[in-house]
There are 2 protein chains.
Amino acid sequence: MAKPVDPLKFWTEGTPMVPAAPIVNCPIATSLGVLGKKWTLLIIRDISMRKIERFSDLLKSVNGITPRVLSTRLKALESDGYIHRAEVQKTPKVVRWALTEKGWDALPILMSYVAFGSKWHADIVFADGQRRDITDVYPQSNLRNLEVSLDKKAW
Amino acid sequence: MAKPVDPLKFWTEGTPMVPAAPIVNCPIATSLGVLGKKWTLLIIRDISMRKIERFSDLLKSVNGITPRVLSTRLKALESDGYIHRAEVQKTPKVVRWALTEKGWDALPILMSYVAFGSKWHADIVFADGQRRDITDVYPQSNLRNLEVSLDKKAW
DNA sequence: CCGCATCCGGTAAGATACTG
DNA sequence: CAGTATCTTACCGGATGCGG
């Protein structure tokens, strides 16, 4: 039943760009475990970008999430190595959820959504409703090529 | 009930990187409509990277999806402007699903997952099980900085 | 209080069959 | 070929409870 995975190529105007590495399983499908579930990226967003690290604070910052789902996601994220749990204090119990190196490496994924939203949902995202390139949202960083070049002249 | 959206910052070792643009709604949460649902990214992957554009072919290529869900996703993707439907021929009916410009702009999101999977799921993704940087998977493209620089020296 | 666990009803997803 | 129709199952949202 093991279906051979055909290489993932970019296609632009009939021109394929074949991967240079021998891919035997789709890296996208493989990455879409916990990361692909509802709420997960927003939890990582708040831990990484907003420094919100406690259960009750995440409950407030991730708008709409319920304690049940938050608890479930935190456990899954922990067992998959994205975050780790630190009991900072007991009575009253204080738990801190922090990103691991793997968790931090999910930030480019978040940023690709930021870039997409800044272009295609500018009316909702920005006060002035103007489209922005990611480099105009975070100019200090070096996010130059987050926009994958689909210009066929590039290859 | 409208909660004010605090700016999305990068945090590295206590150093925040504040966005230069006035964000009033989270671009990540806003982008996670159809895109955030199960199967959606894999459908876009196959249309964009594998040139699989027909219903029955997608049914085979997106491993595990059912016709009901595929139909639902294609409709949602269409109404949200990511793809469009073209009836190429009737009797026998042939339908082609193609990406719009908006749909093509989702490719950086896919690539960020490719990059993540190439690093953190290399044992599953690659035949030799070796970690790879995205620039080694697609050297011909200019994906240099898909790995968001989290080096604090960068700002 | 904080950090969850439990229970319950609704909705989305899986399995399979079927139609124009 | 390109989807529907139908049924079952898994997951999610909402309220509540409970130990430390």
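Computation of the quantities below employed the complete heavy-atom set of this structure, encompassing side-chain atoms and omitting hydrogens, waters and symmetry-equivalent molecules. Here is how names work: the chains are called A, B, and so on, in the same order as the sequence lines, proteins then strands, and each is numbered from 1. It should be emphasised that the depicted structure is a prediction, and the values quoted were computed from it without experimental measurement.
- Comparing C:dA5, C:dG3, C:dT16 by their closest approach to the side chain of B:P67 singles out C:dT16.
- Residue B:F55 has its side chain nearest to D:dA2 when only C:dA12, D:dC11, D:dA2 are considered.
- In terms of phosphate contacts, B:T66 brings no side-chain nitrogen or oxygen within less than 4.0 Å of OP1 or OP2 of C:dA15.
- D:dA2 atom C1' lies 14 Å from atom CD1 of B:I83, rounded to whole Å.
- Residue B:K90 is out of contact with every strand shown, counting any heavy-atom pair closer than 4.0 Å.
- Taken to the nearest 0.5 Å, the CZ atom of A:R132 stands 9.0 Å off from the CD1 atom of B:I23.
- At whole-Å resolution of the value, NZ in B:K60 and P in D:dG3 are 15 Å apart.
- The CD1 atom of A:I28 sits 13.5 Å away from atom CZ of B:F116, with the distance rounded to the nearest 0.5 Å.
- As judged by a 4.0 angstrom heavy-atom cut-off over every strand, B:K37 is placed among residues touching the sugar-phosphate backbone only.
- At the heavy-atom level, A:R85 lies under 4.0 Å from the strands shown only through sugar-phosphate atoms.
- Note: CD (B:E87) to C1' (C:dG20) measures 12 Å, nearest angstrom.
- An OP1 or OP2 oxygen of C:dA5 is reached within less than 4.0 angstrom by a side-chain nitrogen or oxygen of A:K75.
- A:P92 comes within 4.0 angstrom of nothing in the nucleic acid, heavy atoms only.
- Counting only heavy atoms from C-beta on, A:R54 has its side chain closest to C:dG3 among C:dG3, D:dG13, D:dA2.
- Rounded to an integer number of Å, the gap from B:L42 CG to C:dA13 C1' is 15 Å.
- Going from atom CG of B:D46 over to atom CG of B:L41 covers 11.5 Å, rounded to the nearest 0.5 Å.
- Rounded to whole Å, the distance from CD on A:E78 to C1' on C:dC4 is 14 Å.
- One hydrophobic cluster, built from ILVMFWY side chains closer than 4.5 Å, cannot hold both A:L59 and A:V94; they sit in different ones.
- Nucleic acid contact for A:R68: base, since at least one base atom lies under 4.0 Å from a heavy atom of the residue.
- A donor-acceptor contact closer than 3.5 angstrom is absent between the side chains of B:N25 and B:T30.
- Atom NZ of A:K93 and atom P of D:dG19 are 13 Å apart (whole Å).
- For B:R73, the listed nucleotide lying nearest its side chain is C:dA13; candidates were C:dA13, D:dG3, D:dC12.
- One finds no side-chain N or O of B:S71 lying less than 4.0 angstrom from the OP1 or OP2 phosphate oxygen of D:dG3.
- For A:R131 and A:W120, the positive end sits near the middle of the six-membered ring, less than 6.0 Å away and at most 45° from its axis.
- Checking C:dA17, C:dC4, D:dG13 against the side-chain heavy atoms of A:V95 singles out C:dC4 as nearest.
- Between A:D57 and B:I65, the residue anchored closer to the 5' end of DNA chain C is A:D57, taking for each the nucleotide with the nearest heavy atom.
- For B:K38 and D:dC11, the shortest distance from a side-chain N or O to OP1 or OP2 is not below 4.0 Å.
- B:W97 has no side-chain polar atom (N or O) that falls below the 4.0 Å cut-off from OP1 or OP2 of D:dC1.
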